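These notes concern the structure reproduced below.
Both backbone and side-chain heavy atoms feed into the values below; hydrogens, waters and symmetry mates do not. Just so you know, these numbers come straight off a predicted model, no measurement behind them.
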Number of protein chains: 2
Amino acid sequence: MSVQEIEPGRRERKRAETQARIAEAAARLAGEHGIAATTVDDIAAAAGIGRATFFRHFDSKELAIATGLSDVGAHVLADVIRAVPADLGPLDAIRAAYAHLGENFDELRPMFLEQALLSRSSSVLFAWTLHLYVDWETAIAAAIEPRFGDLAEADPRPRMLGALTMAAARLACDVWVAGGGHGDLPALIQTHLTSIDLAPAHLTPGVS
Amino acid sequence: MSVQEIEPGRRERKRAETQARIAEAAARLAGEHGIAATTVDDIAAAAGIGRATFFRHFDSKELAIATGLSDVGAHVLADVIRAVPADLGPLDAIRAAYAHLGENFDELRPMFLEQALLSRSSSVLFAWTLHLYVDWETAIAAAIEPRFGDLAEADPRPRMLGALTMAAARLACDVWVAGGGHGDLPALIQTHLTSIDLAPAHLTPGVS
DNA sequence: CAGAAGATGATACTGAGTCTCACATTTCTG
DNA sequence: CAGAAATGTGAGACTCAGTATCATCTTCTG
């Protein structure tokens, strides 16, 4: 009850800022000099912290890089989903969010391509990228949950749809990168997302 | 054209055997003493090879452990899918394969639970487990591909369905582990797999 | 059987990740 | 507002993962 009034704790905010600074430095240095040539000491120095502090924020070098690479482009999806008209169903909301994110894709294209190539250049980094995807899955699931009208207790659908969304993004990105980064990535993601038809009518009754 | 006649190369077979021996030793030692307490030297010694040879077979300690953990239970899915009646559609084939694998699940339950807990006990190991899942995705996609009647060039459906299958397995396993490993894991996977209804009719026309 | 190609083990080296400790900063409490 | 408690920080030491090199041995090819 003295200096800080509105804030939700000064420590937490500083911590988040430091974390973002580390991730940004990690991704930038890895992009400039390559992953192998970027040491934790370099990243820590660039972020203005000590080496020990680095590991208090990230479990590994690769996780910091992966976080820095994707903070720019992906975790925002959950926020966009929340901002989309409330009368859209879960899947439609995701599609609308991707459409919204794709609007100024051309500006971001070079950055996206560089990040996609980098995260696929090392299997360690790719593994950590996949680990991050699980976090986003959870975030997406939480964001679309209110849009299910008939949600039972412990309903698997939000999580499954979150996983499906991230899978669509990842596989579409694979195709996009294989094509040299030309082509419309957001549209590719939408194509992937809506490619499979899992209507109950297609299930053969009696199979197990 | 002297001693080896039928074999597909002696080198390749030995290499596969060594790899399996390493993975088995890695998973066993990690299960007995924990991941942190298991060094690459230990694993190499237990597998009867030198330290340098270990890294010629696996990119990391965690990948070897993850491979050893899951070789027992999951990569076989693709083979089972191929063995299932040819007139079943892609999704039905996957469901039938899970049903088949679930038949003697009770015997394997303790092993599955131990492995699931272990792979979730360390975020590094979990990241590498996710990395393996991508390989399985690909294997599953290849196995169900012939079951799509109308497959276009570079059709995303097999890969998407592969990803969906692995997501269902992973998320169901999360729920299963959270419930203490009681409950019917194969049935949980099936529930997850068929939970989301992605019929085209549900897509609102005009949403971007 | 001889040479090519590849696998192996030993060794040395870099750097990731962990731990501990002294010190600084923030938050809590009276 | 002060002092206490809790938490964040950097520095240094240490273990071990992961890489590179080289001599030796095994497997394939003709």
Side-chain angles (χ1 to χ4, degrees), chain A residues 1-22 25-26 29-30 33-67 121-128 131, chain B residues 1-22 25-26 29-30 33-67 121-128 131:
Chain A
M1 56 195 82
S2 51
V3 184
Q4 64 279 25
E5 277 131 27
I6 325 171
E7 298 144 290
R10 189 165 162 182
R11 257 180 193 163
E12 241 176 312
R13 216 192 48 209
K14 272 189 72 173
R15 182 175 178 80
E17 280 169 10
T18 305
Q19 195 144 327
R21 212 168 55 246
I22 296 173
L29 290 176
H33 311 118
I35 301 165
T38 304
T39 69
V40 171
D41 281 302
D42 295 339
I43 300 173
I49 56 163
R51 173 188 163 74
T53 302
F54 174 92
F55 286 105
R56 290 195 185 94
H57 287 269
F58 290 99
D59 280 348
S60 80
K61 181 180 83 168
E62 279 81 8
L63 181 56
I65 297 174
T67 303
S121 68
S122 142
S123 53
V124 194
L125 182 55
F126 189 57
W128 279 107
H131 193 270
Chain B
M1 57 193 87
S2 50
V3 185
Q4 64 281 21
E5 277 132 25
I6 324 172
E7 298 145 286
R10 189 164 162 183
R11 253 179 199 167
E12 240 175 312
R13 215 193 47 209
K14 271 190 74 172
R15 183 177 176 80
E17 279 169 10
T18 304
Q19 196 143 326
R21 211 167 56 245
I22 297 174
L29 290 177
H33 311 118
I35 300 166
T38 304
T39 69
V40 171
D41 281 302
D42 295 338
I43 299 173
I49 56 163
R51 174 186 163 74
T53 302
F54 174 92
F55 285 105
R56 289 193 185 95
H57 286 267
F58 290 98
D59 279 349
S60 79
K61 181 179 81 166
E62 279 81 8
L63 182 55
I65 297 173
T67 303
S121 69
S122 142
S123 53
V124 194
L125 183 55
F126 188 57
W128 279 107
H131 194 270

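- Rounded to whole Å, atom C1' of C/dG17 lies 11 Å from atom CD of B/E62.
- Remark on the helix from C/dC1-D/dG30 to C/dG30-D/dC1: inter-end axis angle 40°, axes from five-pair C1' superpositions, rounded to 10°.
- In this structure, CH2 of A/W128 is placed 14 Å from P of C/dA16, rounded to the nearest angstrom.
- Salt bridge absent: B/R21 and B/E17 never bring a charged side-chain N and a carboxylate O closer than 4.0 Å.
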Check: protein-nucleotides 10-15 of chain C nitrogen or oxygen pairs below 3.5 Å:
none

Solution key, residues 51-58 of chain B side-chain donor-acceptor pairs under 3.5 Å, sequence neighbours excluded:
from: B/H57; atom 1: ND1; to: B/Q19; atom 2: OE1; distance (Å): 3.1

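- The interatomic distance linking B/R15 (CZ) with D/dC28 (P) rounds to 14 Å, in whole Å.
- With rounding to whole Å, A/I49 atom CD1 is found 11 Å from D/dA11 atom P.
- The ring pair (Phe, Tyr, Trp, His ring centres under 6.0 Å) test applied to B/H131 returns A/F126, B/W128, not counting sequence neighbours.
- Note: CD (A/E17) to P (D/dT9) measures 12 Å, nearest angstrom.
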Return a table of donor-acceptor pairs under 3.5 angstrom between the side chains of residues 40-48 of chain A and protein atoms on other chains or two or more places apart.
from: A/D42; atom 1: OD1; to: A/T39; atom 2: OG1; distance (Å): 3.3
from: A/D42; atom 1: OD2; to: A/T39; atom 2: N; distance (Å): 3.2
from: A/D42; atom 1: OD2; to: A/T39; atom 2: OG1; distance (Å): 3.2

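- Note: A/I49 CD1 to A/I22 CD1 = 3.5 Å, rounded to the nearest 0.5 Å.
- Closest non-hydrogen pair, A/T38 versus A/G34, comes out as OG1-O, 2.7 Å.
- In this structure, B/K14 atom NZ and D/dT27 atom C1' are separated by 9 Å, rounded to whole Å.
- Residues satisfying the side chain to side chain donor-acceptor pair (under 3.5 Å) test with B/S123, not counting sequence neighbours, are A/D59.
- For B/S122, the side chain to side chain contact (heavy atoms under 4.5 Å, CB included) partners at least two apart in sequence or on another chain are B/I35, B/V124, B/L125.
- For the atom pair CD of A/E62 and OG1 of A/T67, the computed distance is 11.0 Å after rounding to the nearest 0.5 Å.
- Between B/F55 atom CZ and D/dA20 atom P there is a gap of 12 Å when expressed in whole angstrom units.
- B/R21 places its CZ atom 9 Å from the P atom of C/dT8, with the value rounded to the nearest Å.
- OP1 or OP2 of C/dT8 lies within a sub-4.0 Å distance of a side-chain N or O belonging to B/H57.
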Between protein and nucleotides 3-6 of chain C, what N or O pairs are separated by less than 3.5 Å?
from: C/dA5; atom 1: N3; to: B/R11; atom 2: NH2; distance (Å): 3.1
from: C/dG6; atom 1: O4'; to: B/R11; atom 2: NH1; distance (Å): 3.3

